Amino acid sequence: MDNILSGIKPTGQLTLGNYIGAIKNFVKVQNEGETFLFIADLHALTLPIEPNVLHDNSRDIAAYYLAAGLDPKKANIFLQSDVPAHSELAIILQNYLYMGELSRMTQFKDKSAKMKEEAIGLGLFAYPVLMAADIVLYDSKRIPVGEDQVQHVELARDLVKRFNNRYGDVLVMPKAEIAKVGARIMSLSDPTKKMSKSDPKGDIYLKDDLEVIRKKIMSAVTDMVGKVKYDPVNQPGVSNLMTIMSSLSGKSFDEIEKEFDGKGYGDFKRAVADVVCNELAPFKARYEEVIKSGLVDEVLSRGAKRANEIAEKTLKRVQKAVGLYSK
Ligand code: TYM
């Protein structure tokens, strides 16, 4: 069985996009191979963040992992910063990725667009190097992510090809896996933009009360067409709500179109809100239980122990391949 790896950056509040595009899939794959799910806390430092916010967000993600149904006996859940090999490997791998390709990364371009060059941190630019290190450390072939991370995984593949061409079969070739439906959940206030962690009107946060979630869905931007139809180009708002409904209920777009044929957007939005709230109500309750149980730190330290075992072996292999060894 192939190893599986993914991570979430503890920058802002987790969104329904993170839940549908990533967390739900993590739960599915945990039975299919050894799974490494980490909290990318080193990555969170690439943009300014308060220390207490970083610390609290990191534990929160671990709690959400557990609440979603990740079983710490099957999945290794850990903090990236608890495994020093991530940083050590990144220092080596940065020599095999180039400025040109790093500057073409969409995420870098988006995040740095409004910044003055003097204020763009090197870490933000080199973000995909650390991410490539994360990916290759656990010999994982499968990388379940949302669509926005595919470009980074592709770059990690280029790096593996380059590295192995030079040094032999040292690194395992990873591959991004995206959900058939829900790999790119859009903002409710501007459905041409991705739901991110930084747009309170357009985002549904996992922390939001169910009533707030309902209100956000009821006021989601739609269109003047007046028909529930999957047509992302002409009806991006409606199509996004259909995607949310489909990924949480398992209904196909065809079924949803038939169910709401002749009905208005009000009825449709109420039904979407019901599906989202039915999914999130028990999830939020389990999250509260996990927080009360005080289990998070124990899970993180157990996960880090196993992660360190595997990561150190890979790091040694890479060090040896490039000539960094004493005997
Ligand atoms: P992050 O924290 O931005 O997002 C975590 C996961 O959620 C997915 N996602 C979405 N999926 C669908 N619709 C959306 N609107 C949406 N927003 C986010 C992301 O695609 C991602 O899968 N760089 C990564 C963290 C990371 C990582 C890694 C991931 C660091 N190292 C190695 C995989 C492998 C990030 O910032 O994800």
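Atoms within each ligand, like the ligands themselves, are counted from 1 in listed order. Model, not experiment: these values are computed from the prediction.
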Inset, instruction - Kindly identify the option in Ala22, Ser6, Ala156, Gly7 whose heavy atom sits closest to atom 26 (C) of ligand 1. - result: Gly7

Inset, instruction - Fit a plane to each ring of Tyr64 and Phe283, take the angle between them on a 0 to 90° scale, and name the class: parallel (under 30°), tilted (30 to 60°) or perpendicular (over 60°). - result: parallel

Legend entry - Nearest heavy-atom neighbours spanning Ser246 and Ser252: OG-CA, 4.5 Å

Legend entry - ligand 1 contacted by Ala179 (non-hydrogen, < 4.0 Å): no

Legend entry - Shortest non-hydrogen contact from Ala68 toward Val27: O-CG2, 3.4 Å

Legend entry - Proximal atoms of ligand 1 relative to Ile135 (non-hydrogen, under 4.0 Å): 32 (C), 34 (C)

Legend entry - Identity of the nearest option to atom 19 (C) of ligand 1, non-hydrogen atoms only, from Val145, Leu37, Asp148: Asp148

Legend entry - Interfacing atoms of ligand 1 (cut-off 4.0 Å, heavy-atom, Ala183): 11 (N), 12 (C), 13 (N)

Inset, instruction - Check whether any N or O atom of Glu147, backbone or side chain, sits under 3.5 Å from an N or O atom of ligand 1, and answer yes or no. - result: no

Legend entry - ligand 1 contact by Asp134, heavy-atom criterion under 4.0 angstrom: yes

Inset, instruction - Give the ring-plane orientation class for Tyr96 versus Tyr167, where under 30° counts as parallel, over 60° as perpendicular and anything between as tilted. - result: perpendicular

Inset, instruction - Would you mind listing which atoms of ligand 1 come within a distance below 4.0 Å of any non-hydrogen atom of Lys9? - result: 2 (O), 36 (O)

Legend entry - Nearest neighbour in protein (non-hydrogen) for atom 22 (O) of ligand 1: Gly146 N, 3.0 Å

Legend entry - With Asp267, the salt bridge (charged side-chain N to carboxylate O under 4.0 Å, His left out) member among Lys269, Arg270, Lys263: Arg270

Legend entry - Ring centers of Phe125, Phe108 separated by less than 6.0 Å: yes

Inset, instruction - Mind telling me whether Phe38 and His86 have parallel, tilted or perpendicular rings, with 30° and 60° as the class edges? - result: tilted

Inset, instruction - With side chain to side chain donor-acceptor pair (under 3.5 Å) as the test, would you mind laying out the steps for Asp60 and Tyr287 before giving the verdict? - result: CA-CA 9 Å; Asp60 234 28; Tyr287 165 81; 2.5 Å; yes

Inset, instruction - Establish, from distance only, whether the side-chain atoms of Gln13 and Asp203 form a donor-acceptor pair under 3.5 Å. - result: no

Inset, instruction - Go through ligand 1 atom by atom and flag the ones less than 4.0 Å from a non-hydrogen atom of Leu5. - result: 32 (C), 34 (C)

Legend entry - For ligand 1, the portion of Met195 having any non-hydrogen atom under 4.0 Å away: both

Legend entry - Under 4.0 Å to a heavy atom of Lys194 - the qualifying atoms of ligand 1, by number: 15 (N)

Inset, instruction - Start with the C-alpha distance between Glu34 and Asn76, add both sets of side-chain angles, then the distance that settles side chain to side chain donor-acceptor pair (under 3.5 Å), and finish with yes or no. - result: CA-CA 8 Å; Glu34 184 159 11; Asn76 303 295; 2.9 Å; yes

Legend entry - Protein heavy atom at shortest distance from atom 23 (N) of ligand 1: Tyr127 OH, 2.6 Å

Inset, instruction - Show the numbers, then the answer: is there a side chain to side chain donor-acceptor pair (under 3.5 Å) between Asp199 and Ser187? - result: CA-CA 8 Å; Asp199 165 21; Ser187 157; 3.3 Å; yes

Inset, instruction - Would you indicate which of Ala40, Ala132, Gly17 comes nearest to atom 11 (N) of ligand 1 when only heavy atoms are counted? - result: Gly17

Inset, instruction - Number the atoms of ligand 1 from 1 as they appear, then name those within less than 4.0 Å of a heavy atom of Gly21, with their elements. - result: 11 (N), 12 (C)

Inset, instruction - Could you check which of Gln80, His43, Gln149, Lys197 puts a non-hydrogen atom nearest to atom 35 (C) of ligand 1? - result: Gln149

Inset, instruction - Report the nearest protein non-hydrogen atom to atom 13 (N) of ligand 1: residue, atom name, distance rounded to 0.1 Å. - result: Ile185 N, 2.8 Å

Inset, instruction - Would you indicate whether Lys141, at its atom NZ, is surrounded by more than 12 heavy atoms from other residues, nucleotides or ligands within a distance under 6.0 Å? - result: no

Inset, instruction - For atom 4 (O) of ligand 1, find the nearest protein heavy atom and state the residue, atom name and distance (0.1 Å precision). - result: Asn18 ND2, 3.3 Å

Legend entry - Numbered atoms and elements of ligand 1 in range of Gly182, under 4.0 angstrom, heavy atoms: 12 (C)

